[in-house]
Amino acid sequence: MDKLITHSPILIIAIPLLAAFLTPLISRVNEKARDVLVITTLAFVEFLVIILARDIYANGIHIYTLGASSPTLTIPEQYMVPVRIILEVDAMSIFMGIISATVSLAAAVYSLSFMKEETGRDRFYTLLLLMIVGMFGMEFTGDMFNLFVFLEIASISGAALAAFRTRFTDAVEGGFKYIIISSAGALVVLFSVGIFYAQYNLLNIAALAQVIQYTMLDKIALALLVIAFAMKLGGVPLHMWVPDTYAAAPAGITAMLVVSSQACMYALFRVCFTLYGVTLNMATVGWIVIILGMLSMFVGVTMAIPQIDIKRLMSYHAISQSGYMLLGVGVGLAVLGNPEALATYGREAMSGGIFHIINHALYKGLLFLTAGALFYRTGTRDLNKMGGLGHNMKFTSIFFIIGALSISGIPPFNGFASKIMIYESVYRFNPILAVIAMLVSIITLASFTKAFQSAFTGPQLPQYKDVKEAPRSMLIGMGILASIIIFFSLFPGLIVGWIVYPAADALINQAIYISAVMGG
Amino acid sequence: MILNIIIYIFIAIGCFFNMMAALGLHRFPDVYTRLHAGTKCTTFGSIFLILAVVIQSISAWVAEGLSSPQSILTLHALIALVAILLTNPTSAHAIGRAAHRSGIKPARAVVDDLEKEKP
Amino acid sequence: MMVGIPFNVPFLAVAALIGIAFYIILSQRNLIKLVMGLGIMASGVNLFLVTLGYREGGVAPIYTHAPIERMVLPVPQALTLTSIVIAVATLALMLSMVVHIYRHTGSIDSEESRTMKG
Amino acid sequence: MSKIVRTMSSILSLFIFVYGSYIIMHGHLTPGGGFQGGAVFASGVALLIVAFGSQNLHKSLKEHHLSILESGGALIFIGLAFGGIATVFFYNFLVGSPIFGHIPPPGPNPGDIWTAGVIPFMNLAVGLKVIAGLSAILLVMALATTITEVEE
Amino acid sequence: MRKIAMAASLSVFIAFLIAATLVIHPFGYPPSQMDDYIIENAQSETGANNVVTAVVFDYRGFDTLGEATILFTAVTGVVMLFRRRKKE
Amino acid sequence: MATLEFGLDFWNPIVCITAFLVLIAGTYLLRSRGQKKYKKGTAQTQIFLSGEEPPSVEQRHIKAHNIYWGFFQALKGYYDPTIKAHTGIINDYIIWFTAIATATAAILFIVG
Amino acid sequence: MIEPGVLHIIVPILIVACALLVAILKDLIVAVISLAAMSLLLALEFYLLQAPDVAIAEAGVGAAISAAIYILAIRATKRR
Amino acid sequence: MRTFLITTACAFLLYLLLTTASGPLFLWSKEELIIGAIFALIVAAIVRKIFPVKNLRLLNPKRWFLFLAYFFGIFLPAMAKANVDVAYRVITGRINPGIVRISPNLKTDLGITMLANSITLTPGTLSVEVDEETNDLYVHWINVKKEALEKIPRDCKYVCGKFPDWARRIAE
Amino acid sequence: MWLPVAIFLAVCIAIILVRLFLGPTPPDRLVGLDTLNTLVIVSMVILGASFNEVIYIDVAIVYALLSFVTTLFIAKYIEKGGF
């Protein structure tokens, strides 16, 4: 068991990878065996993540040096900088890891019947596993170049999955837009990595954080990194690819693309807080992040109202919700240099933002899955053509209500818990921002009322007379997420105390992250 | 000393013909004639330049003893030469054929059998 | 001792390549041109990485017949290898998507072939 | 392509394949390695595609063969990485053992192929993977672009 | 409008890049603390004469695994995109 | 356990749910004291549209397109340019990227 | 005395010139040709920068494979 | 099977050529030989169907000597002449081009390939197209002589001298 | 001894690039590319001799073999053949 915990950071990445390489071989033998393999792997990964999380909350940062003679030998003997690739898992990383593992498990279970009609499902599952590998790699690595590599894995597999249903024009178009955007972003990230390498001859994040000086080149690299990650996470005005891609992807994949963009958000926070940290002029960068967040919130939600495609509507809401996270963490970043303000409201704002990440992943995943269920049964995403589906699809409409109430911040759901943390702490920072955030929440409710009204209520339309309830595995997938949402709604104090505060503290305490690698 | 002179002569020949190839691409009027310059002259120039390298490395090989790494240089340079000799005329043929099939007439041609027989 | 290169010309070439790549991506409406722009950008970044590791008068970092003390830095070369393969992988995927877009819409112009907006 | 190109390609493809294997196998001694050699080898396949046509090649080389090869290469690679997990993932556990275990004398030396532990095996695995992957890309794209009407 | 935005942003962007080339270390004289260790110890630690291969497969082997994964992903994606569909 | 305390305030879903239940109970109480005249299936529940024939069941459902029509009319000055900015052309996305990246770099240089 | 740095000036300029050609011309096949030339010169520049490993990779991938993929894609779509 | 063995031998020889001096002095170390043999088998298995060694006549050492004699005695001088000729035309710009058809009456693919490549590299001629059935070559001729234009197919001796005979002797 | 030759070849390459830029038709540019290939291979061999590094010639061989593939692909596209 000790051995398992020691090696678990690499196992979490390597076991899905092994399964992904095995999937094409096994699915030549038996289709059933492949499904079992995929689900088992994901469940095992979930288990590993949980035991690793328990270990981290008990014992602090987990270090794994690849290829050295011992996992904790980060720096070679008689030398001063790390040479090998180091995986560095702290509370924030494992927080993101929990999200990825959970949502991808639900999405995989859901996809079992959602993709039943499609051909080429072995490729689908291979790519799904690879996408999970990419997300875990981004979250666990402690090396800039490795971050780039896993960013590319997540983006390429995500693009291929978004274009999976090639018989639709918009699917291919969405995939193409996603891959262009992400490879441009990734190349910019690589350029920034090159700039760091040119100045300090280092690639490790912790080692770089120790020596970084905020010179002119560092400023350029910071701007490029922040904006590249902001584009990948869909912050306004770099968000335009989001509705195109999310709308076109299969529903289970859309839920995972949400998590993938949150992994990019994690990378953004990692760069701002850990890599630059105290050398940074926090107020400036913090305000840049806050402005991005405010724009995302407002433009996202206002653009969502006129949409008549249900998945486009939800995608714009995804943009709007990521604005909340940027706002919360941006406030924390802006007051990072001011210990008093940080203690009174900065940490709360960051915790609110980080708590919102997991809430958003859960309820937005659930909403996309319900939209997929509607599409599966009716064959359309157009809200104008829907109506009265609540008569036949009772479970789906209940899940939709849970997700919609949660996203609009209606008490007692978990969306409200994180939003109220953000409102109250941001109000101390700047009242106007908090007021806009509340306004956005109201407009969110309005637009989901529209979606619910058009799709589920109203008289039963004749063309949908014999629509059936969604198949069982789709209901199980949605049920997993819905039950977690209800659990989170009922016990928010527990969740925040367990996983959110440690994650926020891990971001704030740069010194611990550095000393875990560099010693001393 | 004599070896050096031979090497210099080879280099001079090689450089001259490569220069001719470069100029010929500009002096000639159409694809086919340019192919003449681009293929023949570069191949010939390359032979001489690579032979110069080979002669020099052989002399170094002899001077340093049999197990000198220069033997690898000699052999690999010769292999590169063979590769050039094999590929260059073939690709010239492919280009010429492609040009003709895409409908480019030879400029100032006095006779064109291919055009007559395969319209 | 050899004299250094004035104005860091290789770095300027990197800047020019990335600039041209962005110009192509921003201005050309042809999707294949767009992909080519990304390819040029990848080449520029590769050149940047390799240029970072060069030492004046260096030799390749291979022990076979070379003196040890003047070796150029090996890590950027390893990074560039990775980056080249990534570039070709994305290239293949992007181009096959372009082929599909053409089959669906009959156009490879980014304005004519779009179906989603607003 | 014409008869001349076909004959020349069949001669050169042998040359390219042998050269690709040489580059893969000597990755730890001379410039090269799995990726480079694999790319050279796959270019040989590209040469066959352009000279003989993908339809002809497809009679003897199917996508699923390549798919199996690629999965196999990837599995060997990750298996070698897992092999070191007794100490650490990616630990070079073959240095000093009888298989590829010679340790070269320090300093410049012409090189001995029987060195470097797992690196030659990794080169082979990556080479296999790159060969299969790039060939599959080229073959599939060539086939798909030749058949104008796709079966729906 | 679009052209003006394009020209302005592009020119400023290139200006930043060129400014960066002026302050970066001079061509041919890089800092080297991490690489010195690798150059000195690669041969004795891994047994490979080619230091680049040693870096690719040993010191940064995980990157190579990621890279192989990317190629695998791309191939899977391409084959998936051009798959034959079921006949209706 | 259920209470979320975050320094400034607290939030407890159990309390909230209890309050909701109390409210619902009160509402039901109020409703039960209402008039009993209302009957289903009589002319009381028929649609009356100034004597016209009411539309068929399918057409009674309000389409998604028509919801919040007045809202868009009121905010026309905001919506027209915003929707126009979402061109759907991939080049424009990268133009935004370049512009924002340069702007950010400029801000970092000027402000510090 | 001619110093070796001259080559480090000539070859990058040629590379940038090839890249410019890609930007200027509308015909895609010409763009592919000039990309191939750029890739070729890039390999020469890597060679000059003492990176033969990278030069082989660029030669294999940049010259043969990626040009082939471009050509196949252009064939399946249209030329300009 | 015979083709397979010959192909393997070719591949193995090529591999050995590439890895000379891996062992003591000129020879090869034994690991190198084993690895080379394995690779030669694999490569031969791939290319055996297309490698142009259908008959054993090419293995005759006499043909190899003929080839060497041809290469150094006929081909290289002709090539030198060709280059001087092209250089002259580059400088003066005097050309008189045309595409002519010749029928060298060669049977095998290898022969026609050799002839075409020789023609491409020698004075004033460049093979443009080959007829798949009759093995007729269409040659772009930079300086068309009047006397060659009398009959179709044109006379080989004006265009390419004695090359067809040599090609026949070596490759057929 | 070898370096001036390499620089001379680089100048030749520049002259050929002009043809690549001007060439009225695609086959003209392809001829330029083909010529360029040969010259780059030769300069690689020359530079290998100039650095006195025996292992560098491998790159030249790879290029000599692979540039052929590119040329064939483009030529086959120009002649509108099926792949």
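This is a predicted model, so every value here is computed, not measured. Protein chains get the first letters and strands the later ones, always in sequence-line order, with residue 1 at the start of each.
Between chain E and the options F:Ala105, F:Ala101, F:Ala103, the largest number of non-hydrogen pairs under 4.5 Å is found for F:Ala105.
Partners of E:Ala48 by side chain to side chain contact (heavy atoms under 4.5 Å, CB included), not counting sequence neighbours, listed by chain and number: D:His28, D:Ala116, D:Ile119, E:Thr46, E:Ala54. Applying the ring-ring contact (aromatic ring centres under 6.0 Å, His included) rule to F:Phe20 yields no partners; only residues at least two apart in sequence or on another chain are considered.
By the neighbour-count criterion of 12 heavy atoms within 6.0 Å, atom CD1 of E:Ile4 is sparsely surrounded, having that number or fewer from other residues, nucleotides or ligands.
Close approach to chain E, defined as a heavy atom under 4.5 Å from one of its heavy atoms, is seen in F:Thr87, F:Ile89, F:Asp92, F:Ile95 of residues 75-96 of chain F, taken by number.
In this structure, the portions of E:Phe13 lying under 4.5 Å from any heavy atom of chain F include both its backbone and its side chain.
Every pair passing ring pair (Phe, Tyr, Trp, His ring centres under 6.0 Å) that includes a residue from residues 48-71 of chain E is listed here, sequence neighbours excluded: A:Phe150-E:Phe62.
What you find for E:Ser9 and F:Ala99 is that their closest heavy atoms are CB-CA, 3.7 Å.
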